[in-house]
Amino acid sequence: YTWLPLGLAVLRNIETIIREEMVKSGAQEVLMPVVQPAELWQESARWQKMGDEMLRMQDRHERDFCLGPTHEEVITDLFRREVQSYRQLPVNYFQIQTKFRDERRPRFGVMRAREFTMKDGYSFHLDQTSFDATYAEMYDCYSRILTRMQLDFRAVDADTGNIGGANSHEFHVLAESGEDTIVFAANGPYAANLEKAEAALPAATPAPQQGLEKVATPGVKTIADLCAQLELPAAQTLKTLMVVADDGLAAIVLRGDHDLNETKAAKLQGIRTPLQFAGENDIRTTMQAAPGSLGPITCPVPIFVDREAAALADFSCGANEDGYHYIGANWQRDCELEDQQVVDVRNVVEGDPAPDNQGALKFLRGIEVGHIFQLGTTYSTAMNASVLDQDGNSVAPIMGCYGMGVTRLVAAVIEQNHDDNGIIWPAPLAPYQVHLLALNYHKSENVKTATDALYQECQEQGINVLLDDRDERPGAKFADADLIGIPHRIVVGERGLKNSMVEYKRRSDPSAQDVPLAEVLDRIG
RNA sequence: CGGGGCGUAGCGCAGUCUGGUAGCGCACUUGACUGGGGGUCAAGUGGUCGCAGGUUCAAAUCCUGCCGUCCCGACCA
């Protein structure tokens with residue numbers, strides 16, 4: 001994508017806000033290389049781990065490089081060469097730069113492109129206390145940045161993805177078109193990405209009331225089939241999914257009405273990452289039954305049971321025999337279950353109880369515009385970055401990293417600030433503050449004189465003004481002004497000038513008002 | 001990568017089923033009128049119909065292969 005003048009002006013405004021707030025938070029700006037040597041990425045083992053997402057290249061000597069998708073390796077390399085003493089800590093560096101990621105599926109224009117601008121920052125600390133302070137400062141900094149941009153946003157607990165590390169928070173701009181589902185507690189501060197969100201623990205498993213019985217269920221392939229044939233609610237059934245494990249297959253058991261959370265599943269002990277569902281042939285060979293008739297009772301492979309599924313009594317599940325299911329099944333009596341097999345692997349659903357009695361969970365859609373990570377010593381250890389502490393011991397610094405999608409923010413701002421006629425820029429981001437529309441500029445000497453004088457006055461007052469002096473009809477100018485979305489619009493025309501009036505309108509207001517020419521610039525705050 | 005759709009003028013599309021003159025809207029050019037919410041009329045410019053092969057007297061249209069692109073699913077700022 002090429003940024004045209006108006007879009008570029010907005011992009012620069014966003015960069016300026018980010019820069020100001022980062023500096024205010026004690027970070028220092030640097031600029032790192034786009035082309036990065038493979039050796040650095042081999043040290044952190046991410047040369048393999050990043051897979052196809054990394055854009056790779058070779059130079060004339062056939063040495064391997066990549067176009068930087070992120071800069072943990074480069075900053076850690078910089079750190080280990082430049083910083084030796086705990087006295088130099090903490091440090092916090094950031095840059096605003098083009099990143100390259102060979103996305104599986106670029107979409108929504110600049111919202112997810114293979115090439116984008118990101119603000120990325122990295123901090124180094126001697127101890128956890130210092131790190132915690134900076135992490136909290138960055139959290140505040142991100143909140144200030146998004147607030148200055150007048151965005152409606154939420155910070156949520158998040159999964160760390162392939163950046164790694166312990167804990168992380170995402171900053172989401174709320175929008176229906178967002179690609180992420182974010183989860184909130186109705187009566188408390190709990191908020192998380194759906195990938196990460198948990199519900200409160202279920203109540204203890206009730207005692208069995210029914211005996212185990214095997215029933216014929218010819219043709220039943222899905223939970224819906226099963227519920228229809230046995231007249232059971234889906235919440236009283238189990239579904240069994242087969243995934244590829246490090247050694248053969250493994251079974252993941254969920255309540256029939258729940259969905260698998262693939263992010264959580266990929267982290268289970270012994271499960272292959274990224275998560276891969278088993279093929280039908282492998283399932284048949286291993287289980288002696290086809291998908292649709294699978295279950296945990298007499299299952300020949302390791303089983304993981306979602307804790308909601310583990311809290312059921314008298315449930316129905318596949319019998320591992322084509323065309324048969326069990327009813328009245330119960331854990332322990334019919335299928336032994338150890339504590340470590342009971343896990344959280346489902347997506348929460350709206351209405352689930354939130355953790356810590358914070359009411360029911362609710363969902364919203366969000367655009368992820370920022371993500372801050374607690375990296376710990378993952379990179380400093382892998383890449384031998386260390387400082388000497390007060391006692392002369394070599395210590396691996398604790399790291400944090402802080403990303404913000406600059407180009408994505410432009411798109412996110414528009415998502416939250418538009419109507420049917422076009423963009424409505426928040427004033428701090430607008431490419432111009434005033435849109436001066438001259439009607440019949442090329443025909444009317446009065447209009448031309450008054451407009452030129454007003455334009456001159458704007459410039460003298462330091463008001464950032466865009467003059468539409470094109471030889472277009474008024475309708476076309478009004479339509480373009482709405483589309484472009486500059487906050488203040490002043491219309492100069494013969495009709496008003498007869499009374500020394502011009503028309504003033506805010507882009508966000510529904511209607512315009514006539515204002516004396518001499519006073520109109522006072523309206524612009 | 002898997003599943004689906006689409007490639008015809010700068011853009012958006014019709015025409016393809018049923019082979020026979022390549023069309024419509026917007027945009028663009030010129031002129032006249034018009035002039036406070038995307039104007040009207042008139043005259044124009046612009047296309048090896050994605051590429052390659054095949055069938056046919058004849059291919060945008062039928063057949064084969066390739067390429068591109070968009071949408072839907074598994075990832076991330």
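In what follows, every chain begins at residue 1, and chains take the letters A, B, ... in the order their sequences are listed. Every value quoted in this text rests on a predicted model; they were computed, and no experiment measured them. Note: hydrogens, waters and symmetry copies are ignored here, and every other heavy atom, side chains too, is used.
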Measuring only the [atom1] atom in each nucleotide, how far is [N] from [M]? A whole number of Å is fine.
N	M	atom1	answer
B:rG50	B:rC17	P	15 Å
B:rG44	B:rG3	C1'	47 Å
B:rG10	B:rG5	P	27 Å
B:rG19	B:rC26	C1'	31 Å
B:rG47	B:rA22	P	14 Å
B:rG15	B:rC33	P	42 Å
B:rU8	B:rG73	P	26 Å
B:rU64	B:rU69	P	24 Å

So which nucleotide does [N] pair with, by the Watson-Crick or G-U wobble rule with both distances under 3.5 Å?
N	result
B:rG36	none
B:rG20	B:rC57
B:rG31	B:rC41
B:rU48	none
B:rC26	B:rG10
B:rC1	B:rG73

### Message
Can you pull out every side chain to side chain donor-acceptor pair (under 3.5 Å) where at least one residue sits in residues 399-410 of chain A? Sequence neighbours excluded, please.
### Response
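Passing the test, one end in residues 399-410 of chain A: A:Ser123-A:Tyr402.
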### Message
Taking side chain to side chain donor-acceptor pair (under 3.5 Å) as the cut-off, I'd like each qualifying pair that reaches into residues 489-498 of chain A, sequence neighbours left out, listed once.
### Response
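Of all non-adjacent pairs touching residues 489-498 of chain A, those that pass side chain to side chain donor-acceptor pair (under 3.5 Å) are A:Ser444-A:Glu494, A:Arg489-A:Glu503.
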Sequence neighbours excluded, which residues qualify as salt bridge (Lys or Arg N to Asp or Glu O under 4.0 Å) partners of [X]?
X	answer
A:Glu115	none
A:Glu137	A:Arg144
A:Asp140	none
A:Arg470	A:Asp468, A:Asp480

Contact class for [X] vs. all strands (heavy atom < 4.0 Å): base, sugar-phosphate, or nothing?
X	answer
A:Ala411	nothing
A:Arg489	base
A:Asp180	base
A:Gly475	sugar-phosphate
A:Asn421	nothing

### Query
Which residues satisfy the ring pair (Phe, Tyr, Trp, His ring centres under 6.0 Å) test with A:His125, sequence neighbours excluded?
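Once residues adjacent in sequence are excluded, the partners of A:His125 under the ring pair (Phe, Tyr, Trp, His ring centres under 6.0 Å) criterion are A:Phe131.
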### Query
Who pairs with A:Tyr139 by ring pair (Phe, Tyr, Trp, His ring centres under 6.0 Å), at least two apart in sequence or on another chain?
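Once residues adjacent in sequence are excluded, the partners of A:Tyr139 under the ring pair (Phe, Tyr, Trp, His ring centres under 6.0 Å) criterion are A:His169, A:Phe171.
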Please report the distance, rounded to the nearest Å, between [atom1] in [X] and [atom2] in [N].
X	N	atom1	atom2	value
A:Asn193	B:rA77	CG	P	11 Å
A:Asp468	B:rG38	CG	P	15 Å
A:Gln276	B:rG2	CD	C1'	13 Å
A:Asp471	B:rC33	CG	P	14 Å
A:Met50	B:rC76	CE	P	8 Å
A:Asp482	B:rG36	CG	C1'	13 Å
A:Glu103	B:rC76	CD	C1'	6 Å
A:Met149	B:rA77	CE	P	17 Å

Please produce a list of atom pairs where a protein N or O lies less than 3.5 Å from an N or O of nucleotides 68-74 of chain B.
residue : atom : partner  : partner atom : Å
B:rC72  : OP2  : A:Arg105 : NH1          : 2.8
B:rC72  : OP2  : A:Arg105 : NH2          : 2.6
B:rA74  : N1   : A:Arg104 : NE           : 3.2
B:rA74  : N3   : A:Arg104 : NH1          : 3.4

### Task
Would you indicate whether the side-chain heavy atoms of A:Gln97 and A:Val34 approach each other to under 4.5 Å?
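The answer is yes, as the side chains (C-beta and beyond) meet within the 4.5 Å cut-off.
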Which of these nucleotides, [options], is closest to any side-chain atom of [X]?
X	options	value
A:Arg495	B:rG36, B:rG39, B:rA77	B:rG36
A:Arg473	B:rU34, B:rA77, B:rC76	B:rU34
A:Asp480	B:rG37, B:rA77, B:rG38	B:rG38

### Interface residues of residues 428-442 of chain A with RNA chain B (non-hydrogen, below 4.0 angstrom)
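Going residue by residue through residues 428-442 of chain A, the ones with a heavy atom under 4.0 Å of RNA chain B turn out to be A:Leu439, A:Asn440.
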### Query
Which of residues 365-372 of chain A have a heavy atom under 4.0 Å from RNA chain B?
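Within residues 365-372 of chain A, the residues near RNA chain B are A:Glu368, A:Val369, A:Gly370, A:His371.
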Would you be so kind as to tabulate the donor-acceptor pairs closer than 3.5 Å made by side chains of residues 421-434 of chain A, with sequence neighbours excluded?
residue  : atom : partner  : partner atom : Å
A:Trp425 : NE1  : A:Ile484 : O            : 3.0
A:Gln433 : NE2  : A:Ala427 : O            : 3.0

### Message
Nearest 0.5 Å, please: how far is CE in A:Met399 from CD1 in A:Ile75?
### Response
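Here the interatomic distance stands at 7.5 Å.
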### Query
With a cut-off of under 6.0 Å to the ring centre and 45° to the axis, is A:Arg56 in cation-pi contact with A:Trp47?
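That pair qualifies as a cation-pi contact.
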### Query
Within a reach of under 6.0 Å around CD of A:Glu176, are more than 12 heavy atoms found that belong to other residues, nucleotides or ligands?
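It does not: A:Glu176 CD has 12 such atoms or fewer within range.
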### Query
More than 12 heavy atoms of other residues, nucleotides or ligands under 6.0 Å from CD of A:Glu20: is that the case?
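Counting neighbours around CD of A:Glu20, more than 12 heavy atoms of other residues, nucleotides or ligands fall under 6.0 Å, so yes.
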### Task
Would you check if A:Phe478 stacks with the base of B:rG38, given a 5.5 Å centroid limit and a 30° plane limit, both strict?
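One would not call A:Phe478 stacked on the B:rG38 base.
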#### Entry: For A:Asn92 against A:Thr134, the heavy-atom pair lying closest together
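Heavy atoms only, the tightest pair is ND2-CG2, 3.9 Å.
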### Query
Could a donor-acceptor pair under 3.5 angstrom be found where the side chain of A:Arg112 meets the base of B:rC76?
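When only heavy-atom distances are counted, A:Arg112 does reach the base of B:rC76 through a donor-acceptor pair under 3.5 Å.
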